[in-house]
2 protein chains.
Amino acid sequence: MTTTPDVSAAWQAYQRMRMLLNGQINRELGRSTGLSEADYDILFFLEQSQDSSVRSIALRCGLAWEKSRLSHQLRRMEQRGLIEKAPGAVIHLTDKGREQIAAARDCHEAAVRRYFGDVLSAEQLTALATISDQVVARLTQDLPHHAH
Amino acid sequence: MTTTPDVSAAWQAYQRMRMLLNGQINRELGRSTGLSEADYDILFFLEQSQDSSVRSIALRCGLAWEKSRLSHQLRRMEQRGLIEKAPGAVIHLTDKGREQIAAARDCHEAAVRRYFGDVLSAEQLTALATISDQVVARLTQDLPHHAH
DNA sequence: ATCAACGAGTTGACACATCAACCACGGTTC
DNA sequence: GAACCGTGGTTGATGTGTCAACTCGTTGAT
């Protein structure tokens, strides 16, 4: 009411897509691989890093995660044998982790294509990328580095 | 790699926007009102319902939530005095709840406008709404009613 | 009338995310 | 050197979301 109908309608539509889309992809990924979206993000980042290992701080910046979130997640993943912590805050991908991310990649990319890539035209995809970049730029301009 | 660069780039940009945008709005809402996004959704739905009360099933369908999520959320909100459960699975908005949603509405709408509505053009807003509707339609066509 | 089937709602266990408080260490600056 | 501060990382408490299993009431078939 206070906001323009355009803004409100777009926001509501976006909110619904966000919840349903990520819920579905998360569900499919978890069912068929036992990995969560958070697991997948970490393993994906590690896999395509040189030597399959990165500093914690690189993960934090690359994924834009809060530090305590990363710490908890890495602890859980180390307990499951997906990663190893080396001195110097270095994170190594284990063989088990490499195996699981390889199995999960197809499932994840198929789900993204099925519910996202195949549904939208090339113009829509680039439009969404532009929209996202603008919003992200707005968000990161006010919060330089703090608030982490 | 397997996916088209367009799809992958759009997906990554969207993922980043999703995390940062909802994180920021959630944070601002929580800091200044003590309500979470989930609280806000419930209270908002209740406030604009006739008699400030709805059946649980209406909430579940209207918000597209899983039933256990709704149950847990309603239990927590009743403990805080924001809502009341009446026989027949009817949920009432309490005075305290009405007061809090009124205070939170401005904050929430301002945040949505600041980080979302003001950043995008009218064309972008309608394009995003269309995109969202298409994706949601794709998601709900395969899963008729089950899986809830 | 009985029993099976279904759906709404609840519960408990667990994973996940956030916050605040803390520890450790590498810089200052005096 | 000593007190200080900013930053990276950890921890514990709490709120949130999901799954599976359960209760309960209604419905439909035999």
Side-chain angles (χ1 to χ4, degrees), chain A residues 15 18-43 54-80 82-91 143-148, chain B residues 15 18-43 54-80 82-91 143-148:
Chain A
Q15 285 287 91
R18 176 180 69 89
M19 177 172 47
L20 296 180
L21 179 57
N22 279 89
Q24 179 66 22
I25 291 181
N26 232 317
R27 196 170 303 119
E28 288 193 9
L29 187 66
R31 280 212 182 280
S32 55
T33 71
L35 294 178
S36 68
E37 189 82 17
D39 296 330
Y40 184 84
D41 289 342
I42 298 279
L43 293 178
V54 293
R55 304 278 182 83
S56 294
I57 188 66
L59 272 171
R60 257 178 64 194
C61 296
L63 299 175
W65 279 21
E66 305 223 354
K67 59 181 182 179
S68 57
R69 178 185 179 188
L70 181 63
S71 185
H72 285 305
Q73 184 68 31
L74 291 178
R75 175 180 43 76
R76 287 189 297 254
M77 291 177 73
E78 189 181 30
Q79 285 174 351
R80 287 191 287 155
L82 299 175
I83 60 159
E84 279 176 353
K85 294 189 194 179
V90 173
I91 309 299
L143 332 164
H145 310 76
H146 318 60
H148 286 184
Chain B
Q15 285 288 91
R18 175 180 69 90
M19 176 173 48
L20 296 180
L21 179 56
N22 279 89
Q24 179 66 22
I25 291 181
N26 231 319
R27 195 170 304 119
E28 288 194 9
L29 188 65
R31 281 211 181 281
S32 55
T33 72
L35 295 178
S36 68
E37 190 82 16
D39 297 331
Y40 185 83
D41 290 342
I42 298 281
L43 293 179
V54 294
R55 302 276 181 86
S56 294
I57 188 66
L59 272 171
R60 259 178 63 195
C61 296
L63 299 175
W65 279 19
E66 304 224 354
K67 60 182 181 177
S68 57
R69 177 185 180 188
L70 181 64
S71 186
H72 285 307
Q73 184 68 29
L74 291 178
R75 175 180 43 77
R76 289 188 296 253
M77 291 178 74
E78 189 180 31
Q79 285 173 351
R80 287 190 287 155
L82 299 175
I83 60 159
E84 278 176 354
K85 294 190 195 178
V90 174
I91 310 299
L143 332 164
H145 308 77
H146 318 61
H148 286 182

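In what follows, every chain begins at residue 1, and chains take the letters A, B, ... in the order their sequences are listed.
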> Rounded to the Å, how far apart are A:L74 CG and D:dG8 C1'?
Replying inline: 13 Å
> How many Å lie between CD on A:E66 and C1' on C:dC19, as a whole number?
Replying inline: 8 Å
> Within the side chain of B:S71, is there an N or O that forms a donor-acceptor pair under 3.5 Å with the backbone of B:K67?
Replying inline: no
> Atom CG of A:L20 to atom P of D:dG17: distance rounded to whole Å?
Replying inline: 14 Å
> If we ignore angles and hydrogens, is there a donor and acceptor under 3.5 Å between the side chains of B:Q73 and B:D41?
Replying inline: no
> What integer distance in Å separates B:I91:CD1 from C:dA8:P?
Replying inline: 15 Å
> Between B:K85 (NZ) and C:dA8 (P), how many Å, whole number?
Replying inline: 16 Å
Report each atom pair, protein N/O against N/O of nucleotides 13-16 of chain C, whose distance is under 3.5 angstrom.
unit_1	atom_1	unit_2	atom_2	d
C:dC16	OP1	A:S36	OG	2.6
C:dC16	OP2	A:R76	NE	3.1

>> Rounded to whole Å, please give me the gap between CG in B:N22 and P in C:dA17.
In response: 14 Å
> So do the side chains of B:R80 and B:D39 get within less than 4.5 Å of each other, counting heavy atoms only?
Replying inline: yes
>> Looking at B:E84, I want to see if its CD is surrounded by more than 12 non-hydrogen atoms of other residues, nucleotides or ligands under 6.0 Å.
In response: no
Show the distances under 3.5 angstrom between N or O atoms of the protein and N or O atoms of nucleotides 20-25 of chain C.
none

> CD1 of B:I57 versus P of C:dT10: gap in Å, rounded?
Replying inline: 11 Å
>> Would you say CZ of B:R55 has more than 12 non-hydrogen atoms from neighbouring residues, nucleotides or ligands within 6.0 angstrom?
In response: no
> Out of curiosity, A:L59 CG to A:L70 CG, how far, rounded to the nearest 0.5 Å?
Replying inline: 5.5 Å
>> Whole angstroms only, please: what is the CG-P distance between B:D41 and D:dT16?
In response: 12 Å
> Between the side chains of B:Q79 and B:R76, is a donor N or O closer than 3.5 angstrom to an acceptor N or O?
Replying inline: no
>> Show, in sequence, the C-alpha distance, side-chain angles and deciding distance for B:I42 and B:L82, and conclude whether the side chain to side chain contact (heavy atoms under 4.5 Å, CB included) test is met.
In response: CA-CA 10 Å; B:I42 298 281; B:L82 299 175; over 6 Å; no
> Hey, which of these two, A:A89 or A:G23, hits DNA chain D nearer its 5' end, going by closest nucleotide?
Replying inline: A:A89
> For the side chain of A:R60, counting heavy atoms from C-beta on, which of C:dT10, C:dA8, D:dG9 is nearest?
Replying inline: D:dG9
> If you measure from the Lys or Arg side-chain nitrogens to the Asp or Glu carboxylate oxygens, is any gap between B:R27 and B:E37 under 4.0 Å?
Replying inline: no
